[in-house]
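Take a look at the structure set out below.
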Amino acid sequence: DAKTTQPPSMDCAEGRAANLPCNHSTISGNEYVYWYRQIHSQGPQYIIHGLKNNETNEMASLIITEDRKSSTLILPHATLRDTAVYYCIASSSGAGSYQLTFGKGTKLSVIP
Amino acid sequence: NAGVTQTPKFRVLKTGQSMTLLCAQDMNHEYMYWYRQDPGMGLRLIHYSVGEGTTAKGEVPDGYNVSRLKKQNFLLGLESAAPSQTSVYFCASRTAGRSPFFGQGTRLTVV
């Protein structure tokens with residue numbers, strides 16, 4: 001898995017968009033970018049993933065730069081329940097790569 | 001409900017005792033994983049399995065053993081527990097090309 005770098009912490013005002021950056025400059029062509037979050041030491045929760053195109057689902061949007069060396073997770077209207085640690089992971093989803101390597105993530109605090 | 005179930009949710013062990021953590025998934029997933037998470041840290045991979053009867057070491061395998069005798073179950077064993085193994089343990093499962101599902105964790109304290 002490629003190494004990812006995230007800021008250790010971020011604040012966001014409730015109702016505003018939260019933009020969480022991630023650098024993955026050594027990502028290889030077959031590695032996807034995954035985002036998970038962990039609330040109160042519960043099991044990590046899948047948010048979104050993408051390869052090179054931008055992706056959107058009911059939880060978030062994922063913007064991947066054209067050179068794929070970085071990405072941004074966007075929570076469009078952050079709520080207090082979005083306070084969590086967010087993990088960015090680069091990993092192949094194919095049969096040749098089985099592991100998902102977690103870093104320390106970004107602790108997002110949504111402030112009223 | 002479908003998902004990943006970890007048993008037990010909490011456990012306190014004395015140094016030197018042994019125990020087994022059970023992870024069960026009902027999604028017919030091929031791959032299963034055991035992670036540990038220490039305070040303020042991300043998840044670190046202990047062992048993983050790519051199919052029934054197969055296991056492999058992850059980043060921090062020492063002091064742990066695993067078995068995958070049935071596809072739906074992945075067992076994590078501590079033969080002689082040490083205080084350094086106090087942690088929260090997470091199990092996950094996935095199928096090829098899909099994101100992993102995680103269990104809710106087992107909080108283990110070794111005194």
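Keep in mind that the numbers below use all heavy atoms, side chains included, and drop hydrogens, waters and symmetry copies. Per chain, numbering begins at 1; letters A, B, ... match sequence-line order.
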(message) Just verifying a value: how many Å separate A/Phe102 CZ and B/Met41 CE, rounded to the nearest 0.5 Å?
(response) 14.0 Å
(request) Could you tell me which portion of B/Gln6 (side chain, backbone, both or neither) has an atom closer than 4.5 angstrom to a non-hydrogen atom of chain A? (result) neither
(message) Please check if the number of heavy atoms outside B/Glu79 that lie under 6.0 Å from its CD is greater than 12.
(response) no
(request) Please check if A/Ile64 and A/Trp35 belong to a single hydrophobic cluster, counting links between Ile, Leu, Val, Met, Phe, Trp and Tyr side chain heavy atoms closer than 4.5 Å. (result) yes
(request) Go through the steps for B/Phe102 and A/Tyr87 under the test ring pair (Phe, Tyr, Trp, His ring centres under 6.0 Å), then give the verdict. (result) CA-CA 14 Å; B/Phe102 282 82; A/Tyr87 296 99; 9.3 Å; no
(message) Tell me if the CZ atom of B/Phe101 is crowded by more than 12 foreign heavy atoms within 6.0 Å.
(response) no
(request) Could you tell me the separation between the CD atom of A/Gln42 and the CD atom of B/Gln104, rounded to the nearest 0.5 Å? (result) 5.5 Å
(request) Determine, using the 4.5 Å side-chain heavy-atom cutoff (strictly less than), whether B/Trp34 and B/Val60 are members of one ILVMFWY cluster. (result) yes
(request) Check whether A/Leu73 and A/Leu108 end up in the same hydrophobic cluster, where Ile, Leu, Val, Met, Phe, Trp and Tyr are linked by side-chain heavy atoms less than 4.5 Å apart. (result) yes
(message) With clusters defined by side-chain heavy atoms of hydrophobic residues (ILVMFWY) lying less than 4.5 Å apart, directly or transitively, does B/Leu75 cluster with B/Tyr89?
(response) no
(request) Below 4.5 Å from any heavy atom of chain A, which atoms of B/Arg107 appear? Answer side chain, backbone, both or neither. (result) side chain
(message) Any heavy-atom pair between the side chains of B/Ser99 and A/Tyr32 that's under 4.5 Å?
(response) no
(request) Could you go through the side chain to side chain contact (heavy atoms under 4.5 Å, CB included) check for B/Arg94 and A/Tyr46 one step at a time? (result) CA-CA 12 Å; B/Arg94 68 185 282 200; A/Tyr46 166 80; over 6 Å; no
(message) Using heavy-atom distances under 4.5 Å, tell me whether A/Gln45 contacts chain B through its side chain, its backbone, both, or neither.
(response) neither
